[in-house]
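Keep in mind that this is a model prediction, so the values were computed, not measured.
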Amino acid sequence: RPILSKSLKKQGKVFCHFYRDFYRELDWTCRSHLLNVSIAAARQKMKEQFVRNKNITDVRMIDMLVVKGRMTLEEMHHQWSQDYNCYAYFDDTITQKRKLQKKGTHSWTNFINRPIDYG
């Protein structure tokens with residue numbers, strides 16, 4: 001028993017509409033939440049999320065993912081989700097990797113990575 005779509009053809013159309021809506025919404029979401037993530041990086045991360053689920057063929061599972069994605073989209077649009085919830089999706093983006101590089105390495109990292117001298 002399907003949730004949204006009764007056929008794969010209709011499901012493909014629903015999925016494409018959802019992808020397009022999310023793609024268009026990311027620009028406004030990044031600006032409204034004042035995320036320190038570029039629009040290109042956000043769209044790349046969104047694409048990675050979609051590609052990660054590309055092997056799912058069960059109609060019910062795809063419908064459920066689309067429904068969950070729509071709920072996430074609505075939460076971000078209405079700013080019901082806080083900034084840190086939005087950053088959870090972009091935890092390994094280029095911007096944050098740059099921030100970590102600017103901070104340098106932590107002293108514990110140097111301590112742990114130091115070779116042990118047994119002599």
Heavy-atom closest pair (Ile62 atom, Ile56 atom, distance to 0.1 Å) is CD1-O, 3.3 Å
The reported gap from OG1 in Thr29 to NE2 in His78 (rounded to nearest 0.5 angstrom) is 10.5 Å
Intermediate values then yes/no, side-chain contact (heavy atoms from CB on, under 4.5 Å), Tyr19 and Met46: CA-CA 9 Å; Tyr19 185 85; Met46 182 197 78; 3.5 Å; yes
In chain order, what residues pass the side-chain hydrogen bond (donor to acceptor under 3.5 Å, both in side chains) check against Ser32, with sequence neighbours excluded? Gln79
So, taking the atom named CD in Gln49 and the one named CZ in Arg52, what distance separates them when rounded to the nearest 0.5 Å? 4.0 Å
Checking His33 side chain against Met76 main chain: does a donor-acceptor pair fall under 3.5 Å? yes
Mind listing the closest non-hydrogen atom pair of Leu73 and Asp21 along with its distance? CD2-CB, 4.2 Å
With Arg24 via salt bridge (charged side-chain N to carboxylate O under 4.0 Å, His left out) - residues at least two apart: none
Keeping to residues at least two apart or across chains, list the salt bridge (Lys or Arg N to Asp or Glu O under 4.0 Å) pairs with something in residues 26-42. Asp27-Arg31
Shortest non-hydrogen contact from Trp28 toward His77: CZ3-O, 3.0 Å
Which atom names give the shortest non-hydrogen contact between Ala42 and Leu26, and what distance separates them? O-CD1, 3.6 Å
List for me each residue that meets side-chain hydrogen bond (donor to acceptor under 3.5 Å, both in side chains) alongside Glu75, sequence neighbours excluded, and say none if there are none. none
Rounded to the nearest 0.5 Å, the CG atom of Asp58 sits from the CE atom of Met64 at a distance of 8.5 Å
Sequence neighbours left out, what passes ring pair (Phe, Tyr, Trp, His ring centres under 6.0 Å) with His17? Give chain and number order. none
Could you pull out all residues at least two apart from Phe18 that satisfy ring pair (Phe, Tyr, Trp, His ring centres under 6.0 Å)? Phe22, Phe50
